[in-house]
Each structure stands twice: as structure tokens, then as C-alpha cells.
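Report on one structure; see the data block that follows.
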Amino acid sequence: MSVTIPRRQLFIDGEWREPLHQKRIPIINPATEDTIGDIPAGTAQDVELAVAAARRALTRNRGRDWPRASASLRAKYLRAIADKVMERKSELATLEALDCGKPLEEAAGDVGAVAGCFKYYADLAEALDEKRTVLSMHTFKSHVVKEPIGVVGLITPWNYPLLMAAWKVAPALAAGCAAVLKPSELASVTCLEFAELCKEAGLPPGVLNIVTGFGTEAGAPLASHSHVDKVAFTGSTETGRKVMTAAAEAVKPVSMELVGKSPILVFEDVDIDKAVEWTLYGCFFTNGQICSATSHLLVHDTIAKEFVEKLVSRANSIKISDPLEEGCRLGPIVSENQYKRVIKYISTAKEEGATILCGGGRPQHLKKGFYIAPTIITDIDTSMQIWREEIFGPVLCLKTFITEDEAIKLANDTHYGLAGAVLSMDLERCKRITEEIQAGITWVNCSQPCFLQAPWGGRKNSGFGRDLGEWGLDNFLNVKQVTEYVSEDQWGWYHPPKL
Ligand code: NAD
């Protein structure tokens with residue numbers, strides 16, 4: 001499908017607006033290195049307008065238009081948005097592939113998941129109306145209501161541009177919040193197109209505002225804004241810390257989906273060919289640019305030789321090409337900076353004495369674009385940078401183990417705690433390992449499946465709070481108790497009259 005990138009402005013109060021400073025950021029296709037368009041570079045003043053628009057959407061008609069509108073009305077908008085997304089699925093997928101280098105087939109899967117996410121939260125929004133916890137305490141009758149938190153700032157990364165936005169926008173709107181979304185400056189195209197779909201779906205003005213731009217110029221003022229009631233962030237731990245610091249001043253709640261460095265443990269009793277496939281998928285999916293990549297490979301010593309031979313041979317057979325080409329499994333890294341960063345990790349590993357078993361740089365058949373062949377590294381010491389830091393590219397680090405205890409110790413020897421996988425036919429052992437792994441997400445005999453209903457998030461330096469499921473909705477709700485004095489009974493030492 002041939003697609004041109006539409007020239008868009010910022011989306012504020014239901015309208016397209018030029019950024020006040022008239023600045024734009026070029027969009028580079030990472031597969032060709034060509035400039036294929038540009039996005040608006042919003043700044044603090046644009047954020048100011050967007051937050052004010054969101055605040056108005058919450059207070060208009062004393063909130064009856066949005067936060068207090070019946071949940072079924074909000075669900076209607078969410079379903080209409082999902083339908084609009086599906087109508088333009090192939091166009092959105094192509095735009096995503098052009099913008100961030102994601103293989104087209106994966107991008108199409110993401111767009112389907114975006115629509116699914118809006119439908120799922122439409123159902124949860126309706127269920128919210130029916131949920132009411134009633135507490136009775138003799139003299140008093142009390143019930144608990146869940147209310148929208150208010151205006152929320154949503155800051156998202158480039159690796160799943162539209163999907164990460166959907167994971168936050170859908171529950172925020174389902175809860176009755178009004179949102180300002182700040183997508184990554186490296187990949188904002190589909191989020192801007194999404195704004196148009198919301199407009200077509202009739203979403204009331206100001207309920208969703210999108211300010212694209214650089215992190216320091218548009219993200220930072222959103223995180224610190226005194227009229228933003230909560231910030232939900234996905235990105236690096238380094239930026240997450242800055243967002244938390246900015247939010248701390250106003251005692252603003254935050255949720256943080258941050259860096260991962262996740263293990264996959266392969267035991268001696270596996271079917272080696274199948275284990276090789278899960279290992280490749282677990283690390284090289286989304287060009288290796290996935291927070292939950294199981295990039296710490298721990299293989300039992302007795303099968304290591306055969307396993308590694310097969311793994312390297314299969315890694316070398318992965319099709320690397322322009323993301324729009326049929327059958328592409330691995331596209332380019334998102335940007336030149338990110339490409340250089342990954343290459344630097346690989347060269348530092350070599351200097352520190354590690355061995356590159358395959359990949360290690362640009363595949364020979366691709367002369368342009370930010371491509372890195374699937375790379376597997378061994379002879380690694382756990383103090384090496386490549387073992388300790390998130391690489392965020394198609395790089396798998398391999399170590400062997402002999403005992404289960406040693407494997408668990410290696411798996412947990414990280415500041416991060418997003419995910420972890422175990423491959424073994426012994427399900428008792430798998431159970432023990434999932435209990436021991438210090439992470440928010442664990443997989444048995446697979447890697448990377450992700451469900452709308454299941455909580456997504458980490459611990460340690462991988463963050464806190466959960467996206468998806470009911471937990472994703474709770475991110476955007478306040479809990480309030482309403483207690484009524486219902487009898488004339490004495491209460492404590494005081495005996496107030498019933499009104
Ligand atoms: P990043 O931290 O560089 O940027 C994330 C977002 O924050 C962007 O929109 C950016 O513009 C904005 N930002 C930058 N500086 C800011 C500041 N000072 N104040 C406010 N906002 C600011 O991350 P990235 O490179 O876009 O994304 C990749 C990272 O995201 C990886 O580390 C990956 O592990 C992580 N990630 C985590 C999850 C998860 O679920 N845990 C999911 C996807 C990606």
C-alpha cells in the first residue's frame with residue numbers, strides 16, 4: 001500500500017493547531033534514511049493550551065458532558081474509535097512501519113491490538129457503573145465510588161507508538177479522565193492520525209489532546225504542570241526518574257513502565273528446536289526493541305553446544321529487509337542515534353573480551369538504513385556493560401549454568417524486574433522458577449505473549465503500577481467513600497441527632 005505522511009498540527013481542544021513556535025521535527029524513514037515528512041514540535045505554551053482544554057472538558061456543564069456522563073456513553077465513544085482504527089488498519093500499519101521501522105506484519109498486529117484495547121476498556125467502563133462496594137456499619141451506611149482522577153498526562157515511547165498510547169488513552173477515557181498525550185518525537189505519526197479518528201468518532205473536544213515534540217520541551221512541562229492530576233509514563237528509567245521528580249513537587253501520582261533486562265532460562269529437558277524458536281522470538285521480535293525482550297539467555301550446560309549451534313544458524317536465517325517487504329522479520333533500528341548506541345554496546349563487549357557468535361553490525365546486503373543483524377554474544381562476565389544495561393536492539397547475551405540455583409541467581413542479578421521466561425518440561429520446576437524470578441511478568445514455555453486482561457508492568461528499576469486489565473483502569477480512578485448517618489444510635493462518646 002502506498003501511503004504519504006499527512007502534514008499534521010497539534011491536536012488541542014478538538015482542533016488542529018500550529019505549534020506556537022512554528023517549529024517542526026523531521027521524520028526519517030529508518031529503512032532508507034530519507035526524510036519523509038515532519039511533525040509539530042510543541043513546547044510549554046502548547047502544553048498549557050492542551051491542559052486548559054482538558055480541564056474545560058472535565059468541568060464543562062459541571063462535568064456532565066464527560067466525567068459524569070454515563071459510562072455507557074463513554075463506552076460508545078471508545079467502540080466508535082475502535083471501529084475507526086479498524087477501518088484504517090492497513091494505512092496505520094504502513095505509517096507505523098515507515099515511521100519506526102517495524103515489520104509491516106507486526107505493525108498490523110499492533111493496530112489490531114489498539115482496536116481490541118479500546119473495545120476491552122469500553123466493556124470495563126460499563127462494568128464500572130455497576131460496581132459499587134456497599135459497607136454497612138450499624139449506625140452508618142457507607143459506599144465506595146470510583147471517580148476519574150482528572151486531567152492526566154500520558155508520556156509514551158517510540159517502540160510501540162500507537163499501541164503504548166492506546167494502553168493509556170483507552171483506560172483513561174474509560175475512567176472519565178481527560179488526557180494530554182505526548183508521544184515520542186521519534187515516532188508520532190500514527191498518534192496524530194489517531195487524533196483524526198477520535199474527531200471522526202465524535203469524541204467531545206478537549207477529552208483527548210495530543211502535543212508532539214521533544215521530551216524536554218513538551219514532556220517536561222506536562223509532567224510538572226500543576227493542573228495535571230496524574231502522569232502515566234512509559235519509557236527509559238532515566239527519563240522516568242525525571243518525570244517522578246517533576247511530579248513530586250505537586251505530590252502528583254505517577255505510574256512508571258520502564259526499562260527491562262529480562263532472562264530466559266533453558267533447561268536440559270526441552271525440545272531444543274522449539275526452545276530455539278522461543279528464544280529467537282523472545283529477543284528479536286520488534287527488532288529487539290521491546291522492553292520485555294528476554295535478552296539474557298541462560299542455557300543448561302549439558303545442551304549448550306547443540307542449542308547454540310542451532311540458535312546461531314536460525315538467527316542467521318532471519319529475513320532482514322525493508323519493513324514493507326513481504327516476509328520481513330527484522331527491520332531497522334528506529335534512528336541513527338539508537339543504531340550507534342547499539343553498535344557501541346557491541347564494540348564495548350568485544351573490547352571487554354566477549355565473543356560475537358553472529359551478527360555484530362550491518363548485514364552485508366543492506367547498504368542504507370539503520371539495520372543490525374541478529375547478534376548473539378557469549379563469553380560474558382556479569383560485570384560487563386552488555387550484561388548489566390538494556391541494549392534495546394537485536395542483541396542476545398548468552399551464559400550457561402549447571403544448577404537451578406545458579407540459574408535463578410543469574411536471572412535475578414539485575415537492577416531490573418520486568419519479565420522472565422523459563423523453558424522446561426518439568427512443570428514443578430517451572431513453578432518454582434516463576435516464584436523465584438523477581439519480575440512483574442513471567443512466562444512458562446513461551447516468551448512475550450501479552451493479553452489485554454493481564455497486568456503489565458515491572459518491579460525494581462523497571463517501574464511500578466500496571467498497565468492493562470482492571471489494574472490499567474484503576475491507574476486513572478480515585479476511590480471515594482460516601483458515609484451516611486442513618487440511625488439515632490449513640491456513636492462513641494457523642495450522640496449527634498439524625499438530620
Ligand atoms: P525515553 O525515556 O527516551 O522517552 C520516553 C518519552 O519520554 C518520550 O515521549 C520522550 O519524549 C519523553 N521525555 C524525554 N525526556 C523527558 C523529560 N525530561 N520529561 C518528560 N518526558 C520526557 O524512552 P524511549 O527511548 O522513547 O523508549 C524506549 C524505552 O522505553 C526503553 O528503555 C524501553 O525499555 C522502555 N519501554 C518500557 C515499556 C514497559 O512496559 N515497561 C514499554 C515500552 C518501552
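Note: hydrogens, waters and symmetry copies are ignored here, and every other heavy atom, side chains too, is used. When a residue number appears, it is its place in the shown sequence, counting from 1.
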Start with the C-alpha gap between S292 and Q448, add the side-chain angles, then the distance that decides, and say whether side-chain hydrogen bond (donor to acceptor under 3.5 Å, both in side chains) holds.
CA-CA 7 Å; S292 56; Q448 305 308 322; 2.6 Å; yes
Is any side-chain N of the basic residue among [X] and [Y] closer than 4.0 Å to the acidic one's carboxylate O?
{"X": "E106", "Y": "R329", "value": "no"}
{"X": "E126", "Y": "R79", "value": "yes"}
{"X": "K102", "Y": "E105", "value": "no"}

[atom2] on [Y] to [atom1] on [X], rounded to 0.5 Å:
{"X": "N316", "Y": "L357", "atom1": "CG", "atom2": "CG", "result": "10.0 Å"}
{"X": "N461", "Y": "T237", "atom1": "CG", "atom2": "OG1", "result": "5.5 Å"}
{"X": "S188", "Y": "L95", "atom1": "OG", "atom2": "CG", "result": "12.5 Å"}
{"X": "E185", "Y": "S335", "atom1": "CD", "atom2": "OG", "result": "9.5 Å"}
{"X": "I27", "Y": "C100", "atom1": "CD1", "atom2": "SG", "result": "11.5 Å"}
{"X": "N475", "Y": "D467", "atom1": "CG", "atom2": "CG", "result": "6.0 Å"}

Going by the side chain to side chain contact (heavy atoms under 4.5 Å, CB included) test, name the single residue among [options] that passes it with [X].
{"X": "M425", "options": "D269, D271, V270", "result": "D269"}
{"X": "F233", "options": "V254, L154, L258", "result": "L258"}
{"X": "L398", "options": "V312, T378, L298", "result": "T378"}

Under the side-chain hydrogen bond (donor to acceptor under 3.5 Å, both in side chains) test, which residues partner E404, sequence neighbours left out?
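So E404 forms a side-chain hydrogen bond (donor to acceptor under 3.5 Å, both in side chains) with R432.
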Residues which pass side-chain hydrogen bond (donor to acceptor under 3.5 Å, both in side chains) with D322, listed by chain and number, not counting sequence neighbours
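Expected list: none.
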Report the residues that fulfil ring-ring contact (aromatic ring centres under 6.0 Å, His included) with F194, sequence neighbours left out, ordered by chain and then residue number.
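Checked F194 against ring-ring contact (aromatic ring centres under 6.0 Å, His included); matches are F118.
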For F11, all residues meeting ring-ring contact (aromatic ring centres under 6.0 Å, His included), sequence neighbours excluded
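F11: ring-ring contact (aromatic ring centres under 6.0 Å, His included) contacts with W16.
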[Y] side chain reached by [X] side chain, heavy atoms, under 4.5 Å:
{"X": "F214", "Y": "I25", "value": "yes"}
{"X": "Q338", "Y": "L186", "value": "no"}
{"X": "K199", "Y": "E196", "value": "yes"}
{"X": "L265", "Y": "I433", "value": "yes"}
{"X": "P161", "Y": "P183", "value": "no"}
{"X": "V276", "Y": "T279", "value": "no"}
{"X": "I372", "Y": "P363", "value": "no"}
{"X": "I356", "Y": "I346", "value": "yes"}

Minimal non-hydrogen separation, [X] against [Y], with atom names:
{"X": "A195", "Y": "I210", "result": "CB-CD1, 3.8 Å"}
{"X": "A93", "Y": "V111", "result": "N-CG2, 3.8 Å"}
{"X": "L181", "Y": "C191", "result": "CD2-SG, 4.1 Å"}
{"X": "P40", "Y": "R8", "result": "CD-O, 3.3 Å"}
{"X": "T294", "Y": "W443", "result": "CG2-CZ3, 4.2 Å"}
{"X": "V211", "Y": "G42", "result": "CG1-CA, 4.0 Å"}

Check against side-chain contact (heavy atoms from CB on, under 4.5 Å), I380 and I377:
CA-CA 7 Å; I380 294 173; I377 306 183; 4.0 Å; yes
Where do E96 and T190 land on the side-chain hydrogen bond (donor to acceptor under 3.5 Å, both in side chains) test, with the steps shown first?
CA-CA 6 Å; E96 201 80 293; T190 48; 2.8 Å; yes
Give a yes or no on whether E435 atom CD has more than 12 heavy-atom contacts from other residues, nucleotides or ligands under 6.0 Å away.
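Enclosed: over 12 neighbouring heavy atoms sit under 6.0 Å from CD of E435.
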In terms of the angle between their ring planes, are W66 and Y77 parallel, tilted or perpendicular, with boundaries placed at 30° and 60°?
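The rings of W66 and Y77 sit tilted, inter-plane angle from 30° to 60°.
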Within the side chain of [X], is there an N or O that forms a donor-acceptor pair under 3.5 Å with the backbone of [Y]?
{"X": "T286", "Y": "Q289", "value": "no"}
{"X": "R314", "Y": "E309", "value": "no"}
{"X": "N445", "Y": "S424", "value": "yes"}
{"X": "S462", "Y": "V259", "value": "yes"}
{"X": "K252", "Y": "H225", "value": "yes"}
{"X": "T239", "Y": "S236", "value": "no"}
{"X": "N478", "Y": "K146", "value": "no"}
{"X": "T434", "Y": "C430", "value": "yes"}
{"X": "N209", "Y": "A179", "value": "yes"}
{"X": "K319", "Y": "C328", "value": "no"}

Just distance, no hydrogens or angles: give the donor-acceptor pairs under 3.5 Å from side chains in residues 411-422, sequence neighbours left out.
from, atom 1, to, atom 2, distance (Å)
N412, OD1, Q438, N, 3.0
N412, ND2, E436, O, 3.1
D413, OD1, R388, NH2, 3.2
T414, OG1, Y416, N, 2.9

Less than 3.5 Å apart, any donor N or O on the side chain of Y345 or Q385 sitting next to an acceptor on the other?
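Judged by distance alone, the side chains do not pair up.
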Output field: ring centroids W456/W471 closer than 6.0 Å
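That pair fails the under 6.0 Å test.
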Flag the pair Y120 / F451 as yes when their ring centroid distance falls below 6.0 Å, and as no otherwise.
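Y120 vs F451: aromatic centres not under 6.0 Å.
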Quick one, L396 with T375, criterion side-chain contact (heavy atoms from CB on, under 4.5 Å). Give me CA distance, side-chain angles, the key distance, then yes/no.
CA-CA 6 Å; L396 182 60; T375 300; over 6 Å; no
May I have all residue pairs that pass side-chain hydrogen bond (donor to acceptor under 3.5 Å, both in side chains) and include part of residues 147-159, sequence neighbours excluded?
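For residues 147-159, and leaving out neighbouring residues, the side-chain hydrogen bond (donor to acceptor under 3.5 Å, both in side chains) pairs sorted by first residue read E147-K480.
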Salt bridge (Lys or Arg N to Asp or Glu O under 4.0 Å) between E390 and K261, worked out:
CA-CA 6 Å; E390 183 193 52; K261 187 79 182 172; over 6 Å; no
Evaluate the criterion ring-ring contact (aromatic ring centres under 6.0 Å, His included) for residue pair F476 and Y121; output intermediate values, then yes/no.
CA-CA 12 Å; F476 299 105; Y121 279 107; 8.7 Å; no
